Amino acid sequence: MTNKIKTLIRHAAGIFCLGGIMLSAGLFTSCSESDSTVEEYSDWQSKNESYWNKLYTTTQQKIKSGDKSWKIILNYTFQNQKPASGTSLTYSPENYIIAHVEQSGTGTTSPLYSDSVSVHYMGRMIPSATYTSGLIFDKSWSSETFNASTSRPSHLALQGVVDGFSTAMQQMHRGDHWVVYIPYQLGYGKAGKGLIPAYSTLIFDLRLVDFAHPGKKLKDA
């Protein structure tokens, strides 16, 4: 095989490799002439479980030291459970969500599970190979950053969102701004959804505008 033919083959392989990266929508972060790849979400379950356990322990310590801006909230499906006679109920870290209060609103009541909410939100994952700040998989505003004067909130039924999101909403008041951390067990679990792979911790920036009972109208601002 002549050197010219070898060069053409290597060039074609490079083009194919680049095309593969573009078509894979971020599933791989690199591709070489030897076709070696680095997975975007390598050891993803292990990384997310380690992230969550560390966050849970750190948050416990902050709360114990008197930091009232952090909350550990039991999944709404477990709340108000009563133990059998002579027993006590215990829950694991993945049965909770964690919230950091960025700003407290003026509201005094919270949505019910049967309610709909008007909310600004942005969802992302923990850092991965390419997305060092975590891939943003969805948000309600179209601009790069949130702008209260131009952003229009989304209307969501709490019965139609993941448990962790619903749990946070049922604890928030109108005007509250929280950053909420949701373990994969209370998110999209072992299956994932769309851009979100299995075992993904979800991190939501949430601003609750309004909520309403079934049949009632929601406010947008």
Side-chain angles (χ1 to χ4, degrees), residues 41 43-113 115 117 119-128 131-137 139 146 156 158 161-190 196-209 211:
Y41 304 114
D43 299 320
W44 197 235
Q45 180 179 0
S46 176
K47 288 177 181 177
N48 277 269
E49 289 175 349
S50 295
Y51 178 94
W52 184 258
N53 290 330
K54 182 177 180 181
L55 177 65
Y56 185 86
T57 300
T58 301
T59 303
Q60 281 184 315
Q61 294 170 349
K62 290 178 179 178
I63 293 173
K64 188 175 180 179
S65 68
D67 189 342
K68 295 183 179 180
S69 67
W70 287 91
K71 299 175 181 288
I72 297 177
I73 304 170
L74 185 64
N75 179 24
Y76 80 93
T77 63
F78 297 141
Q79 294 174 14
N80 302 317
Q81 285 186 338
K82 296 181 179 180
S85 178
T87 64
S88 61
L89 293 174
T90 57
Y91 300 99
S92 302
E94 64 271 16
N95 297 140
Y96 297 85
I97 65 168
I98 292 172
H100 184 248
V101 179
E102 302 288 332
Q103 181 177 340
S104 295
T106 57
T108 57
T109 56
S110 300
L112 302 173
Y113 178 67
D115 290 347
V117 297
V119 59
H120 298 288
Y121 71 88
M122 179 181 70
R124 62 183 175 89
M125 295 183 287
I126 68 172
S128 59
Y131 304 99
T132 55
S133 297
L135 172 67
I136 297 174
F137 56 82
K139 62 180 180 178
F146 174 75
L156 304 172
L158 292 188
V161 298
V162 296
D163 277 6
F165 194 107
S166 183
T167 296
M169 287 285 101
Q170 291 178 70
Q171 296 293 321
M172 295 178 71
H173 302 133
R174 290 181 178 91
D176 280 355
H177 175 199
W178 290 9
V179 174
V180 175
Y181 302 81
I182 301 172
Y184 73 80
Q185 292 88 345
L186 302 183
Y188 292 107
K190 298 178 181 180
I196 305 169
Y199 305 107
S200 293
T201 301
L202 307 180
I203 305 171
F204 279 100
D205 185 304
L206 301 175
R207 303 165 193 259
L208 180 59
V209 176
F211 61 90

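This one's a predicted model, so the numbers in the text were calculated from it and none came from an experiment.
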Pair up each side-chain donor or acceptor in residues 92-102 with any protein partner under 3.5 Å, not counting sequence neighbours, and list the distances.
from: Asn95; atom 1: OD1; to: Ser92; atom 2: N; distance (Å): 2.9
from: His100; atom 1: ND1; to: Glu102; atom 2: OE2; distance (Å): 2.8
from: His100; atom 1: NE2; to: Ser69; atom 2: OG; distance (Å): 3.3

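- Using modelled atom types, no side-chain atom of Asp67 and backbone atom of Ile63 make a donor-acceptor pair closer than 3.5 Å.
- With 3.5 Å as the limit, one finds no donor-acceptor pair spanning the side chains of Tyr56 and Gln61.
- A donor-acceptor pair is defined here as one N or O able to donate and one able to accept, closer than 3.5 Å; such a pair exists between the side chain of Thr58 and the backbone of Lys54.
- Trp52 and Pro183 get closest at one heavy-atom pair: CH2-CD, 3.4 Å.
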- request: Would you please test Tyr199 and Gln185 for side-chain hydrogen bond (donor to acceptor under 3.5 Å, both in side chains) and show each step?
  value: CA-CA 8 Å; Tyr199 305 107; Gln185 292 88 345; over 6 Å; no
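- Of the possible polar contacts, none joining the Gln171 side chain to the Ser110 backbone as a donor-acceptor pair under 3.5 Å is found.
- Around the NZ atom of Lys47, the shell of radius 6.0 Å holds more than 12 heavy atoms that belong to other residues, nucleotides or ligands.
- When atom types are taken as modelled, the side chain of Arg174 and the backbone of Thr106 share no donor-acceptor pair closer than 3.5 angstrom.
- Of all heavy-atom pairs between Leu208 and Val117, the closest is CD1-CB, 4.0 Å.
- In this structure a side-chain-to-backbone donor-acceptor pair under 3.5 Å is present from Asp176 to His173.
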message: Using the rule given for side chain to side chain contact (heavy atoms under 4.5 Å, CB included), can you reason through Ile196 versus Leu202, listing the C-alpha separation, both sets of side-chain angles and the distance that settles it, and then say yes or no?
response: CA-CA 9 Å; Ile196 305 169; Leu202 307 180; 4.0 Å; yes
- prompt: Please walk me through it: do Asp205 and His177 pass side-chain hydrogen bond (donor to acceptor under 3.5 Å, both in side chains)?
  reply: CA-CA 7 Å; Asp205 185 304; His177 175 199; 3.0 Å; yes
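- The main-chain N or O of Tyr76 is found under 3.5 Å from a side-chain atom of Thr167 such that the two form a donor-acceptor pair.
- A donor-acceptor contact shorter than 3.5 Å is absent between the side chain of Ser46 and the backbone of Asp43.
- How far CG of Asn80 is from CG of Leu74: 9.5 Å, rounded to the nearest 0.5 Å.
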field: Verdict with reasoning, Tyr41 to Met125, per side chain to side chain contact (heavy atoms under 4.5 Å, CB included)
entry: CA-CA 11 Å; Tyr41 304 114; Met125 295 183 287; 3.5 Å; yes
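- The distance between the ring centers of Phe204 and Phe137 falls below 6.0 angstrom.
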message: Working note: Ile126 + Asn48, criterion side chain to side chain contact (heavy atoms under 4.5 Å, CB included); need CA distance, chi angles, decisive distance, verdict.
response: CA-CA 8 Å; Ile126 68 172; Asn48 277 269; 3.6 Å; yes
- request: Please lay out, stage by stage, how Gln170 and Ser166 fare under the test side-chain hydrogen bond (donor to acceptor under 3.5 Å, both in side chains).
  value: CA-CA 6 Å; Gln170 291 178 70; Ser166 183; 2.9 Å; yes
- request: Take Tyr113 and Met169 through the side chain to side chain contact (heavy atoms under 4.5 Å, CB included) test and state the conclusion after the steps.
  value: CA-CA 9 Å; Tyr113 178 67; Met169 287 285 101; over 6 Å; no
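- Under the 4.5 Å side-chain criterion, counting only non-hydrogen atoms from C-beta, Arg124 is not in contact with Tyr131.
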